[in-house]
Colleague: 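The structure under discussion is supplied below as structure tokens; questions concerning it will follow.
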Amino acid sequence: MSELDALYRELILDHSKHPQHFGLTDEGDAPAVAGTIGTSHQKNPVCGDEITLRARVEGETIADVQWEGRGCSISQASASMLADLVAEEGLTRAEAVTLIEGFREALRSRGTLELDEEVYGDAAALSGVSKFSARVKCAMLAWVALEDAIAKA
Amino acid sequence: MSELDALYRELILDHSKHPQHFGLTDEGDAPAVAGTIGTSHQKNPVCGDEITLRARVEGETIADVQWEGRGCSISQASASMLADLVAEEGLTRAEAVTLIEGFREALRSRGTLELDEEVYGDAAALSGVSKFSARVKCAMLAWVALEDAIAKA
Amino acid sequence: MTSAPASPPTAAAVTALDVAAIAADFPILAEQVNGHRLAYLDSAATSQKPLVVLDAERDFLTHANAAVHRGAHTLAAEATELFEDARATVAAFVGAQPEQLVWTSGATMGLNLVAYSIGNAGLVRPGDEIVTTAIEHHANLIPWQELAARTGAVLRHIPARDDGTLDMDAAASLIGERTRIVAFTHVSNVLGIVNPVADLIALAQQVGAITVMDACQSAPHLPLDLPALGVDLAVFSGHKMLGPYGVGGLYGRTPVLESLPPFLTGGSMITTVTLDRAEYLPPPQRFEAGTQPVGPAIGLAAAVRYLDGVGLSNIHAHESMLAERMHAGLVDIPGIRLLGDAEGVERVGLWSFDVDGVHAHDAGQYLDALGIAVRVGHHCAAPLHTRYGVTASVRASAALYTSTDDVDRLIDAVAGIRPYFGV
Amino acid sequence: MTSAPASPPTAAAVTALDVAAIAADFPILAEQVNGHRLAYLDSAATSQKPLVVLDAERDFLTHANAAVHRGAHTLAAEATELFEDARATVAAFVGAQPEQLVWTSGATMGLNLVAYSIGNAGLVRPGDEIVTTAIEHHANLIPWQELAARTGAVLRHIPARDDGTLDMDAAASLIGERTRIVAFTHVSNVLGIVNPVADLIALAQQVGAITVMDACQSAPHLPLDLPALGVDLAVFSGHKMLGPYGVGGLYGRTPVLESLPPFLTGGSMITTVTLDRAEYLPPPQRFEAGTQPVGPAIGLAAAVRYLDGVGLSNIHAHESMLAERMHAGLVDIPGIRLLGDAEGVERVGLWSFDVDGVHAHDAGQYLDALGIAVRVGHHCAAPLHTRYGVTASVRASAALYTSTDDVDRLIDAVAGIRPYFGV
Ligand SMILES: Cc1ncc(COP(=O)(O)O)c(C=O)c1O
Ligand SMILES: Cc1ncc(COP(=O)(O)O)c(C=O)c1O
């Protein structure tokens, strides 16, 4: 079962069971704190996975990401890992866009590209997903939501 | 070219060049002579062949058949031969129906049944059509028209 | 209103299938997937195809291919004969006459044809009612939503009970004076239960409504005699019944087909055409605009001959046995919840289930790693899943080539899912 | 309005085809018909299919067959990749992006999809005008008649000149403020003339009308770059371009596809479905309800790879040469009248003709006895035949596998028709 284990790394199962930054505080579109807010709702029509992600942007920097959703362990872990990454790195919009592009490229690489742990943190564990073309959408869901949310913020 | 010659017998080409009982006298549905009249218009949508056939029935006997049409030599010859046959034999409705049934059966037989010249006259020359399934409709056109016309008369 | 309890075929009347011999006719079943022999339990999505089907299509294409109904040349005549023989064969498979069988590109197309054609006929007016059920595949739901929206009609749904059976008391009160159409599936592609369709047809007939049956999930699994059933219109898909992709059938009772106007228009369905108007052929040609899927139709005829050769009663008995075996094995696994677990009902070889704490997608991935192909998701029946409180499920579905070994591997593997994911 | 004279491909730019080698890829071309080697001159009705096409479909069905877009299992993922690769291949064949290519069951279906979808969008209102031409195939005529009837719009027709070319002066005055749609064929299936479609598109764009092009008879014969042409929507049929039956393509400019609502509804084209309403995916999925013709689509991808391998410019040059040879041979035979005998226009390898005193059906039968397969009838273009004063014609049509020998046999045989029938 080595292929399967490469997909479901311990780290992925951990994040999916203990999702980070989960839950949307009820602040609507008018943030109590500084910055502008963008919210994105994404859905995978095949399996019904859904994610709502909210990004708060202060100037050019993404200050905060929250999300809520349901779905398979890959989609939930990916959202959790992404939220962690943003929280830790204090990314600018431009950096986030580059990061998302790189993530998309790696996931579409059919197993030929690895995500760098230095850059992607825990999310680098999602590299194995790229060998499972049917699951790429699951892993991408949160990242597409972030892309959309910061565009709106 | 023996197969082709079996289809295009001399008799068929003759009838198609000199169609018998061709032309509808303009009496409409109220015959100047005795009897009731039935008219049928039949069309082969694939090649555009058309026939309008009018039968005058006196009591149970088909007194007269006239027709007009355009199309391939098989469809025209078949109409001409049928009109001849009806004129010569003085058929009853019931006899005509039986005759038409027999004709249909022979033509659909894919070359296994021959039409009896004693019964079908010149039209027996159409037996060869049954080997050419795409042409069966052409040969049937006038006969279907007669069936329909006497039902209406 | 209750229907007689379904009697599963008795052992005496049927012959046990030689599944190994049957499977040998399906080369793909010998494939290795992730290091295991493929256990293909996704036949409800699409069936595998026996060699005779592939060969029939190839023979046609290499020896007799030509446009049908359109040429006087020898090949065209041969192609036309093969094509019309295929129609007669497939029609006979559901008990019908050739002229009652309209070729379509699949069941979805067949249902859309019916919905649009009924709409074009002006048979549905504002305030009229269309009745369907809460367990339909989207293909037998959304076309009616759209027809209702286009005409101002109201769409109503026969509810399902907790055990997966239709609430026939509710059906009896829903189907009334204003009902124009009653559309229902013979067998749900999620629940596997054979619905009391004769009772639904009787209710519809009392009020003069048109009945439309989705036979996708029954045609490959049980003997069908559509004229005897009395349904007005019914559809099925070639690719789900051992046939090729790109072809399906619409059966219609003769007076019903004759009363409907065309849906798609174009070549080969007309008598006379001028620049401004067209006149149309009688059924079935009226509904067959343009070049038909000739190769696939000839393949489908070979498929139904294959099914008939094995015998639908035998197939049904085999698959009923597999359904029972699956049920017996799955029902006791902790955390497995079977959808539509009604007792004493007639079934095809299909079960959908939820795995507590593990998303269906993950469960399916785990099974796939063991060479077991199942389907995960809402199976194009989202409202049904909502009804049962889940967004997705795992579905295992059998066909005549499914062995008890396939089923046993499934059961063993399902027992390993929750432990693997640590729940 | 005049268009630049068409420049037939020059000998320098192209490579002569090795027709014998190509024909060897099409087993049916070696068949004997009525004691003669088959001369298949009915490619405009349906083309023959090379072995690579049959093999591609068979390989898929025996090794990777599973439902696409619907499963997490390995086969389903493989099938989905093959299917989407096929989309990209076929899209690229007409110069398009994958998401601009909608699978259909054929050109007739594609044109009906467009007509119904435009109707469902409410883009055509009473008094609006739909412009088509007097030389269309019924598939690009009757759907517009029906759309006009459903919406109260007026259908207008660009007339043809005696020589078979479109009257572009008339087109310029017909296409005006009220025109919503301009629908035309790239190449008529009766006349074989390549129409000045760029000029028609320019006229339509001036008034903001949607352009719809029937590319059935151009796609297998000339290089196509639909985005460069600027047409909004275009359709073609797999079976006419070396591919299987049951599949076709609809190309759409992205903003146009995005503006259109669904036509067929069902599974795989939705995002959210409740019992009462559905939300739809973006194009192309929005237009692909239900199980798609997966096997045929994979076959069609192999077909266009084959065409690309030979080279569309080479094919066009070969077929132009055949058209000239046919013309030269037929034009002098007493009693033969060629339809659409315009000089100096770009053509595909196709001629239709009338034989004075012999019905087309009889002429075709005579040719068939010599192993020459042609089509007879109105070729689903009845108004065009009416325009030229005949009810039926004989049509000989070539493809890349057609040899000069096939053409010479045709010419010799046609010379014998009138003598045989004694006229
Ligand atoms: C010009 C043209 N348009 C449309 C069609 C219809 O194509 P199909 O029958 O494959 O739908 C044809 C072929 O019959 C054609 O030649
Ligand atoms: C019950 C049911 N109805 C309709 C369909 C639609 O069939 P198709 O996708 O072949 O059109 C399916 C299969 O997806 C089904 O299972």
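Sequence lines set the chain letters: A, B, ... in the order given, protein chains first and strands last, and positions in each chain run from 1. Because the structure is predicted, anything quoted here is derived from the model rather than measured.
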Colleague: C/Q48 versus chain D, heavy atoms under 4.5 Å apart: side chain, backbone, both or neither?
Modeller: both
Colleague: What part of C/A64 gets within 4.5 angstrom of chain D, counting heavy atoms only: side chain, backbone, both, or neither?
Modeller: backbone
Colleague: Against chain D, label C/R150 side chain, backbone, both or neither, depending on which of its atoms sit under 4.5 Å from a heavy atom there.
Modeller: side chain
Colleague: Walk me through it: do D/V374 and D/L410 pass the test side chain to side chain contact (heavy atoms under 4.5 Å, CB included)?
Modeller: CA-CA 9 Å; D/V374 296; D/L410 171 77; 4.1 Å; yes
Colleague: Would you mind checking which part of C/H63 comes under 4.5 Å of any heavy atom in chain D, side chain (CB onward), backbone (N, CA, C, O), both or neither?
Modeller: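 Contact with chain D is through both the backbone and side chain of C/H63.
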Colleague: Using the benzene-type ring in the case of Trp, are the ring centres of D/F263 and C/F263 under 6.0 Å apart?
Modeller: yes
Colleague: What residue, out of C/A373, C/P27, C/S43, has the most heavy-atom pairs lying under 4.5 Å from chain D?
Modeller: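 Sorted descending by pairs with chain D, the first entry is C/A373.
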Colleague: Just so I understand: if I count every heavy-atom pair under 4.5 Å between each of D/A115, D/A360, D/A289, D/A297 and chain C, which residue has the most?
Modeller: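 Most heavy-atom pairs under 4.5 Å with chain C: D/A289.
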Colleague: Among C/L155, C/I372, C/L38, C/L61, which residue has the highest count of heavy-atom pairs closer than 4.5 Å to chain D?
Modeller: C/L61
Colleague: Check whether any side-chain N or O of C/R387 sits under 3.5 Å from a backbone N or O of C/A160 as a donor-acceptor pair, and report yes or no.
Modeller: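 It does hold such a pair.
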Colleague: Could you tell me which portion of C/L113 (side chain, backbone, both or neither) has an atom closer than 4.5 angstrom to a non-hydrogen atom of chain D?
Modeller: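 Contact with chain D is absent: no heavy atom of C/L113 under 4.5 Å.
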Colleague: Between C/T386, C/V53, C/L75, which has the largest tally of heavy atom pairs under 4.5 Å with chain D?
Modeller: C/L75
Colleague: With a 4.5 Å heavy-atom cut-off, do C/N65 and C/F60 have their side chains touching?
Modeller: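 Yes, side chains in contact.
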Colleague: Where on C/F26 is there a heavy atom nearer than 4.5 Å to chain D: the side chain, the backbone, both, or neither?
Modeller: neither
Colleague: Can you say whether C/V273 sits under 4.5 Å from chain D via the side chain, the backbone, both, or neither, judging by heavy atoms?
Modeller: both
Colleague: Is the distance from the ring center of C/H137 to that of C/H379 below 6.0 Å?
Modeller: no
Colleague: D/S397 vs D/D42, test: side chain to side chain donor-acceptor pair (under 3.5 Å). Steps then yes/no.
Modeller: CA-CA 5 Å; D/S397 57; D/D42 197 15; 4.5 Å; no
Colleague: Side chain, backbone, both or neither: which part of D/L141 has a non-hydrogen atom closer than 4.5 Å to chain C?
Modeller: side chain
Colleague: Among the options D/L51, D/T274, D/T265, D/T272, pick out the one with the most heavy-atom pairs lying under 4.5 Å from chain C.
Modeller: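 Top option by heavy-atom pairs under 4.5 Å: D/T265.
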Colleague: Is there a side-chain contact between C/P262 and C/M269, using heavy atoms and a 4.5 Å cut-off?
Modeller: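 Yes; the side chains approach each other to less than 4.5 Å.
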Colleague: Quick check: do C/Y245 and D/P296 have side-chain heavy atoms less than 4.5 Å from each other?
Modeller: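 Counting from C-beta outward, C/Y245 and D/P296 do come under 4.5 Å.
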Colleague: Which distance, rounded to the nearest 0.5 Å, do you find between the CD of C/Q292 and the OG of D/S105?
Modeller: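 One gets 8.0 Å once the value is rounded to the nearest 0.5 Å.
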Colleague: If we define contacts as heavy-atom pairs under 4.5 Å, which of C/T132, C/I270, C/L29, C/L111 has the most with chain D?
Modeller: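 Looking at each option in turn, the highest pair count goes to C/I270.
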Colleague: Report which part of D/S237 has an atom under 4.5 Å of a heavy atom belonging to chain C: side chain, backbone, both, or neither.
Modeller: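 Contact with chain C is absent: no heavy atom of D/S237 under 4.5 Å.
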Colleague: For the CZ atom of D/R277 and the CD atom of C/E146, what is their distance to the nearest 0.5 Å?
Modeller: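 CD of C/E146 is found 10.0 Å from CZ of D/R277.
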Colleague: Could you walk me through whether C/E288 and C/R286 pass the salt bridge (Lys or Arg N to Asp or Glu O under 4.0 Å) check?
Modeller: CA-CA 6 Å; C/E288 296 179 347; C/R286 183 189 298 163; over 6 Å; no
Colleague: D/D55 versus chain C, heavy atoms under 4.5 Å apart: side chain, backbone, both or neither?
Modeller: both
Colleague: Are the side chains of C/I298 and C/E57 in touch, meaning some heavy atoms are under 4.5 Å apart?
Modeller: no
Colleague: Looking only at heavy atoms and a cut-off of under 4.5 Å, which of D/L264, D/L275, D/L54 has the most pairs with chain C?
Modeller: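 So the answer, after comparing D/L264, D/L275, D/L54, is D/L275.
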Colleague: For each of C/N140, C/T108, C/T46, C/N112, tally heavy-atom pairs with chain D at distances under 4.5 Å, and name the one with the top tally.
Modeller: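 Maximum pair count with chain D is reached by C/N112.
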Colleague: With a 4.5 Å cut-off on heavy-atom pairs, point out which of C/A107, C/A382, C/P143 contacts chain D the most.
Modeller: C/P143
